[in-house]
Visitor: 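Take a look at this one; I'll ask things after.
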Amino acid sequence: YRSEKRQGFVGRQWLFEEVRAWATNPESEQDLLIGADYGVGKSAFLSELLDTGAAGLPVVAHHFCRADDSDTLEAGRFVRSLASQLAEALPAYRALLEADGAKELHDKLDQADQKPLPAFDQAVLAPLRRIEAPATQLLLVIDALDEALDHRPSGGDGTRTTIVELLVNEDRKLPPWLRLLATSRRRDEVLVPLRQGFFAIEEINAEEAANLSDLYDYAKARCGQEPLATLLSAAGLSPSEAAEVLQAKSGGKFLYAVKVLNDLATGALKLPSRQALEALPPGMDGFYEAAFERRFPDVASYAAVQPILALLCEQREPLGFQAMAAILGMSVRNVSAALQPLNDLLRMVPVAAAEASGRSDVLCSFDHLSLEQWLSEENELFQPRAGRFAVDRAAAAKQIHAWALAEVQAGRAHTWPYLVRHLASHLNDGERAEVIGGQLLQYPWLQARLKLA
């Protein structure tokens with residue numbers, strides 16, 4: 001994941017310097033949040049920092065929240081992940097976990113899914129405060145806190161502790177030798193509580209000169225490489241001229257430049273002349289609309305893929321082709337064919353056959369959260385941001401619900417890894433206890449749940 005994010009990384013020296021200045025200043029706040037809009041390159045920055053050591057401090061543990069991977073959004077999984085990494089990096093902490101009287105610590109970590117706050121406080125932070133301070137300050141890195149806020153727990157009851165709440169409640173209990181660096185979109189639900197929790201906050205304006213300069217350098221570097229260099233030359237554009245156009249169109253979003261250049265390189269976007277580049281619509285909404293118009297020029301060409309995209313918006317974690325075909329009453333081949341024009345905007349991961357089902361599959365999700373938001377959200381005038389390409393999430397929720405119940409009634413729910421993990425979250429409040437209670441009397445379901453655990 002980090003390697004993918006770092007591809008073509010350029011610049012950000014000014015931000016590395018700011019982070020180093022914060023990390024090495026004993027008078028600065030213990031925690032720093034970098035806030036920026038989507039697409040500015042927060043995950044790429046942290047990936048580069050982790051893999052190059054550019055912060056000036058050793059990173060002792062890290063966590064990337066990802067909307068397409070529900071495990072990374074669970075507060076309990078977050079706590080256990082940190083405990084594992086800290087035990088690997090800090091022998092003194094590991095010794096406390098492995099001591100003869102450490103059963104209580106293990107019990108807290110085992111119960112982290114149900115009680116993440118006590119697990120974080122008593123099995124992670126309290127032992128860290130007991131060990132001797134390391135010779136140097138250490139750094140904990142967390143990416144995309146905002147994505148954890150939107151997580152819907154698989155239990156379905158809507159009650160959960162978020163990773164943001166963990167940090168707000170327990171932040172003052174970090175040992176003084178451990179600093180925390182995090183990123184998030186600029187959302188009040190993240191910024192306000194963290195600011196009240198004594199986080200220092202560095203907000204990046206996508207339109208500021210330093211960010212625009214980095215974007216220009218990135219675009220120019222890519223435009224000087226093949227096959228883009230030859231394509232641009234044929235259209236009468238130098239790398240610097242193309243970079244200037246992308247800088248102006250992007251609104252400071254690296255994601256815009258990445259997507260346009262990827263489409264040019266693959267031939268999905270034709271460039272007969274420099275005017276064609278200058279005619280591109282600005283901003284990510286404009287990019288997505290133009291990309292969909294090229295791929296689906298009329299209503300009929302979009303009809304097959306629209307309900308599939310609605311499922312991708314509503315899923316708790318990546319659905320497989322097999323499940324999407326079953327939900328929509330399509331063949332797997334037709335699902336694959338419908339999604340083919342959007343391969344460059346989706347993340348597809350082949351998986352081996354699950355033991356219970358005997359089916360190999362391909363798991364599918366959006367490659368960036370901004371596409372889900374464009375497809376499913378409204379603008380300030382309460383109109384669909386995606387226009388005719390908007391999807392109906394409510395209809396998708398009903399379809400998943402009907403499929404889930406049908407598979408339960410047929411005795412096949414245990415054969416679908418997705419349902420083994422998320423059945424409860426797709427049931428109504430009035431039916432959840434009865435359905436899950438019935439499943440708990442089915443040995444194949446219990447076996448599947450135990451294997452998952």
Side-chain angles (χ1 to χ4, degrees), residues 1-16 36-49 51-52 54 204 206-297 340-348 366-368 370-371:
Y1 179 75
R2 298 209 308 269
S3 177
E4 177 186 313
K5 291 295 181 182
R6 291 181 61 210
Q7 191 170 9
F9 188 90
V10 171
R12 290 294 191 255
Q13 292 306 311
W14 55 277
L15 188 54
F16 285 126
D37 290 336
Y38 76 85
V40 173
K42 301 181 295 296
S43 298
F45 170 75
L46 283 192
S47 296
E48 184 76 5
L49 181 147
D51 290 344
T52 63
I204 299 176
E207 301 281 4
E208 68 184 22
N211 186 62
L212 289 173
S213 176
D214 285 345
L215 191 150
Y216 171 86
D217 290 341
Y218 165 80
K220 183 179 177 181
R222 276 202 64 183
C223 290
Q225 300 169 357
E226 297 298 342
L228 291 171
T230 298
L231 291 171
L232 292 168
S233 178
L237 281 161
S238 68
S240 58
E241 290 171 329
E244 287 175 2
V245 173
L246 292 174
Q247 182 190 55
K249 297 278 186 182
S250 68
K253 303 286 180 65
F254 273 73
L255 183 63
Y256 183 93
V258 169
K259 293 296 187 186
V260 169
L261 293 174
N262 286 349
D263 277 3
L264 287 173
T266 62
L269 178 61
K270 304 301 180 185
L271 192 65
S273 65
R274 65 178 299 144
Q275 287 74 28
L277 189 64
E278 293 169 348
L280 288 176
M284 285 308 303
D285 279 17
F287 170 83
Y288 285 135
E289 183 175 6
F292 273 61
E293 287 286 359
R294 290 194 303 272
R295 293 160 170 81
F296 310 106
Q340 195 279 328
L342 295 172
N343 278 351
D344 58 317
L345 298 176
L346 302 173
R347 187 185 302 274
M348 298 190 186
F366 299 116
D367 76 338
H368 198 275
S370 61
L371 178 52

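Everything quoted here is computed from the prediction, not taken from an experiment.
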Visitor: Could you grab the distance from atom CG of Leu46 to atom CG of Asp51, nearest 0.5 Å is fine?
Guide: 11.0 Å
Visitor: Is atom NZ of Lys249 surrounded by more than 12 heavy atoms (other residues, nucleotides or ligands) closer than 6.0 Å?
Guide: yes
Visitor: Nearest 0.5 Å, what's the CZ-CG distance between Phe287 and Leu345?
Guide: 6.0 Å
Visitor: Atom OH of Tyr216 and atom SG of Cys223: how far apart are they, to the nearest 0.5 Å?
Guide: 9.5 Å
Visitor: Is there a donor-acceptor pair under 3.5 Å between the side chain of Ser250 and the backbone N or O of Leu246?
Guide: yes
Visitor: Is there a side-chain contact between Tyr218 and Lys220 in this structure, where contact means two heavy atoms from C-beta onward sitting under 4.5 Å apart?
Guide: no
Visitor: Who pairs with Glu48 by side-chain contact (heavy atoms from CB on, under 4.5 Å), at least two apart in sequence or on another chain?
Guide: Arg6, Phe9, Phe16, Thr52
Visitor: With sequence neighbours excluded, tell me which residues meet salt bridge (Lys or Arg N to Asp or Glu O under 4.0 Å) with Glu208.
Guide: none
Visitor: Check Val40 against Gly252 and note the closest heavy-atom contact, atom names and distance.
Guide: CG2-O, 4.2 Å
Visitor: Kindly compute the distance separating NZ (Lys253) from CG (Asp37), expressed to the nearest 0.5 Å.
Guide: 5.0 Å
Visitor: Go through the structure and list residues passing salt bridge (Lys or Arg N to Asp or Glu O under 4.0 Å) with Glu207, not counting sequence neighbours.
Guide: none
Visitor: With a 3.5 Å cut-off and sequence neighbours excluded, list the donor-acceptor pairs that the side chains of residues 229-242 form with protein atoms.
Guide:
residue: Thr230; atom: OG1; partner: Glu226; partner atom: OE1; Å: 2.7
residue: Thr230; atom: OG1; partner: Glu226; partner atom: OE2; Å: 3.1
residue: Ser238; atom: OG; partner: Ser240; partner atom: OG; Å: 3.1
residue: Ser238; atom: OG; partner: Glu241; partner atom: N; Å: 3.2
residue: Ser238; atom: OG; partner: Glu241; partner atom: OE1; Å: 3.3
residue: Glu241; atom: OE1; partner: Ser238; partner atom: N; Å: 2.9

Visitor: Look up atom CG in Asp217 and atom CZ in Arg12, then write down how far apart they are to the nearest 0.5 Å.
Guide: 10.5 Å
Visitor: Hey, are the side chains of Phe45 and Leu49 touching, using non-hydrogen atoms and a 4.5 Å cut-off?
Guide: yes
Visitor: Do the non-hydrogen side-chain atoms of Leu15 and Ile204 ever get within less than 4.5 Å of each other?
Guide: yes
Visitor: Which heavy-atom pair separates Val10 from Ala221 by the least distance, and what is that distance?
Guide: CG2-CB, 4.4 Å
Visitor: Sequence neighbours left out, cut at 3.5 Å: what donor-acceptor pairs do the side chains of residues 257-271 make with other protein atoms?
Guide:
residue: Lys259; atom: NZ; partner: Asp367; partner atom: OD1; Å: 3.2
residue: Lys259; atom: NZ; partner: Asp367; partner atom: OD2; Å: 2.3
residue: Asn262; atom: OD1; partner: Arg222; partner atom: NH1; Å: 3.0
residue: Asn262; atom: OD1; partner: Arg222; partner atom: NH2; Å: 3.1
residue: Asn262; atom: ND2; partner: Val258; partner atom: O; Å: 3.3
residue: Asp263; atom: OD2; partner: Arg294; partner atom: NH2; Å: 3.0
residue: Thr266; atom: OG1; partner: Asn262; partner atom: O; Å: 3.2
residue: Thr266; atom: OG1; partner: Asp263; partner atom: O; Å: 3.3
residue: Thr266; atom: OG1; partner: Ala268; partner atom: N; Å: 3.4
residue: Lys270; atom: NZ; partner: Gly267; partner atom: O; Å: 3.1

Visitor: Does a side-chain heavy-atom distance below 4.5 Å link Asp214 with Phe254?
Guide: yes
Visitor: Measure the CZ-CG distance between Phe292 and Leu342 for me, rounded to the nearest 0.5 Å.
Guide: 4.5 Å
Visitor: What residues, two or more places apart in sequence or in another chain, satisfy side-chain contact (heavy atoms from CB on, under 4.5 Å) together with Ser370?
Guide: Tyr38, Leu255, Tyr288, His368, Gln373
